[in-house]
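Lettering follows sequence order; numbering is per chain, from 1.
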Amino acid sequence: MPETPRPRQPIKPGFFTVPDDPAQPPKLLGTRCEDCGEFFYPRRALCGKCMSRRTVEVELDARGTLYSYTFVHLPLFGSTNMEHADGYGVGQIDLPEGPRVQAPLAGKQPEFQVGQTVQGELDVLRDDGGTDIMIIRFRPLGEARP
Amino acid sequence: MREVAILGVGMHPFGAYYSGKTNAEMSLVAGLAALDDAGLTFADVNAAYMGHIFAQVMSGTRILKEFGLTGIPVQRIENASATGSAALREAYLSVSAGHYDVAMVLGFDKMTSMIQSGTAGTAPENLEDAILPAAFFAMWATRRMHERGTKPEHLARIAAKNFNNGALNPMAQRQAKERITAEKVLSSGMVAWPLTKMMSCPIGDGAACAIVGTVEMAKKLRPGRPVVKIAASTLQSERYERGHIFQGPVVGPARMSIDSSNAVYEQAGVGPRDLDLLQVHDAFAIEELEYYELVGLCRPGEAEKHIEEGAFEIGGSLCAVSTDGGLIARGHPGGPTGLAQIWETTLQLRGEADRRQVRRKSGDLPRLGMCHMMGGGSVCVIHILQRV
Ligand SMILES: [Zn+2]
């Protein structure tokens, strides 16, 4: 008999999706301006460029180019996931639509390289009374480019 | 518009006290020192601007009662790291406009008590709060290394310079016993690659005060002493541009420092090459490196070469930067930090900076100093002080 999947919840609603199918990658929850066409992450009520009120909510693929990164030599705050205990990566990711996203990275420092493609994935931060609290982390796709 | 002068400055040394003095005790030390320096008593003060980040609401108003109950207006100003600088600007605006003749600007904070009360301010539901501030600045460094070939050694040289300047400043939190080398900075333990502990500012407590009035008053109160006037003041928030990061508002767009410094240069009628000294928001060494270029001390991409030549040291060829040790060595308790920059620049322009005194190539005292502060990556406050 297959194991019942544990319930999963995003650390904060409104920033990314947590699909029912764990095999599906998350989407980022952003905003598009209907007047000037600019995209934003995270969501906002007014356009940050032209201040239009005609904005719509959009789902963005959590995939982009690593603009910059670092590796923090401390445990990730609020995490009980042992994988985060000896430090964690943080990156700035440029989405094809324009927004620059700042988020934790999955993997170890030598795997990161400015300019490489990274893919967002869900990661357990901690267990909250039987529910997994999920964060999004970006993982390098394939080998780091030289 | 009236010309505005710094009548007096005072500080309580910055440090990590944890259980020692209260905000009120530190504020009295800084405030009375500034009044004495100005040649005034609290009865002469017409208005007060209090800068604090971590203390409870009304702390500024309550602390002011320790000086006296004279009925003057008291306002709290808060703008993260730029709190003290923003408070000074309000005093400058009010005296300049003629509303008050003497305004007191007092900044204080006990960052250590904030840390002691747990991880207040870091709400795990905000993903960006789970990321250490050092990480945001570290990413600025990584990008710079990618674009310009910057090496961790360049960052280490900046931090070493600031530690060595701080050792000459009795108000500085970190007092190095021996001369600090870049090697020592590099081996001080990694916080967020490539930033090490000694490239990062410490947590601390402290207070600083400036008394602001008219230039005429400064001449009368301290005849014969050089008058230090506020030649220009600006406070700007962010402008949108593509690639703006809306989460984790700590670093802020580089453009803000360019626009703000251009605005104060125009107001003061000077250029970056006229500056004799500069204080910047060097919470992390990469910031100081970037600000050399963003405020125009050198051209983009040339900071590294000048760092190697020691151009930003006291006595260096371009401009003495972070002469009191900067945030890295002097410390960065929050509320008083911007006023510590004003304390340092005022003393320097008067020729009272003792062993860290900056001199021009001619041997003369410095004439122009600039104080640059970033607040939460969302505001930039700059003042230019001028000896007249
Ligand atoms: Zn728009």
Side-chain angles (χ1 to χ4, degrees), chain A residues 9-16 30-31 36 38-44 47-51 66-79 84 87-95 97-105 109-110 112-115 125-126 128 133-137, chain B residues 118-150 152 155 188-197 199-200 237-254 284 286 290 377-378:
Chain A
Q9 260 181 27
I11 185 167
K12 194 179 184 181
F15 287 81
F16 54 88
T31 297
C36 75
E38 199 81 341
F39 284 83
F40 298 95
Y41 177 83
R43 284 180 175 170
R44 48 184 295 128
C47 174
K49 185 182 179 186
C50 76
M51 284 144 276
L66 194 60
Y67 175 79
S68 193
Y69 68 92
T70 182
F71 193 85
V72 178
H73 291 249
L74 287 167
L76 181 59
F77 181 77
S79 176
H84 305 153
Y88 60 99
V90 182
Q92 294 171 343
I93 299 102
D94 283 336
L95 303 183
E97 295 88 353
R100 185 167 293 160
V101 178
Q102 200 156 252
L105 297 176
Q109 184 167 345
F112 312 141
Q113 194 85 45
V114 170
L125 187 73
R126 60 173 183 271
D128 189 3
I133 301 300
M134 309 303 292
I135 58 170
I136 194 163
R137 294 206 294 168
Chain B
T119 38
T122 44
E125 66 268 21
N126 292 327
L127 198 53
E128 68 268 26
D129 287 349
I131 300 171
L132 207 67
F136 303 122
F137 291 99
M139 286 189 277
W140 206 5
T142 306
R143 186 69 198 182
R144 172 97 191 179
M145 289 160 76
H146 174 76
E147 284 179 7
R148 303 281 192 199
T150 313
L155 304 176
S188 63
M190 197 59 76
V191 177
W193 183 85
L195 300 179
T196 65
K197 273 183 198 150
M199 294 178 196
S200 313
S237 59
E238 302 161 87
R239 288 188 172 89
Y240 178 72
E241 58 186 67
R242 200 150 233 229
H244 183 87
I245 294 168
F246 284 94
Q247 277 186 307
V250 175
V251 174
F284 300 94
I286 178 61
E290 292 280 356
S378 297

Practice problem: Name all residues meeting the salt bridge (charged side-chain N to carboxylate O under 4.0 Å, His left out) criterion together with R242(B); count only those two or more places apart in sequence or in a different chain, and write none if there are none. | Solution: E38(A)
Indicate the atoms forming the closest heavy-atom contact of [X] with [Y], along with that distance.
| X | Y | answer |
| --- | --- | --- |
| A192(B) | T70(A) | C-OG1, 3.5 Å |
| S68(A) | R143(B) | OG-N, 3.2 Å |
| F246(B) | R44(A) | CE2-NH1, 3.1 Å |

Self-check item: The single option from Y67(A), F71(A), Y69(A) passing side-chain contact (heavy atoms from CB on, under 4.5 Å) against T142(B)
Solution: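 Among the candidates, only Y69(A) passes.
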Self-check item: Candidate pair Q102(A) and M139(B), rule side-chain contact (heavy atoms from CB on, under 4.5 Å), full reasoning
Solution: CA-CA 10 Å; Q102(A) 200 156 252; M139(B) 286 189 277; 3.5 Å; yes
Quiz item: Roughly how far, to the nearest 0.5 Å, is CD of Q247(B) from CD of Q92(A)?
Solution: 11.5 Å
Self-check item: Interface moiety of F40(A) toward chain B, non-hydrogen atoms closer than 4.5 Å
Solution: side chain
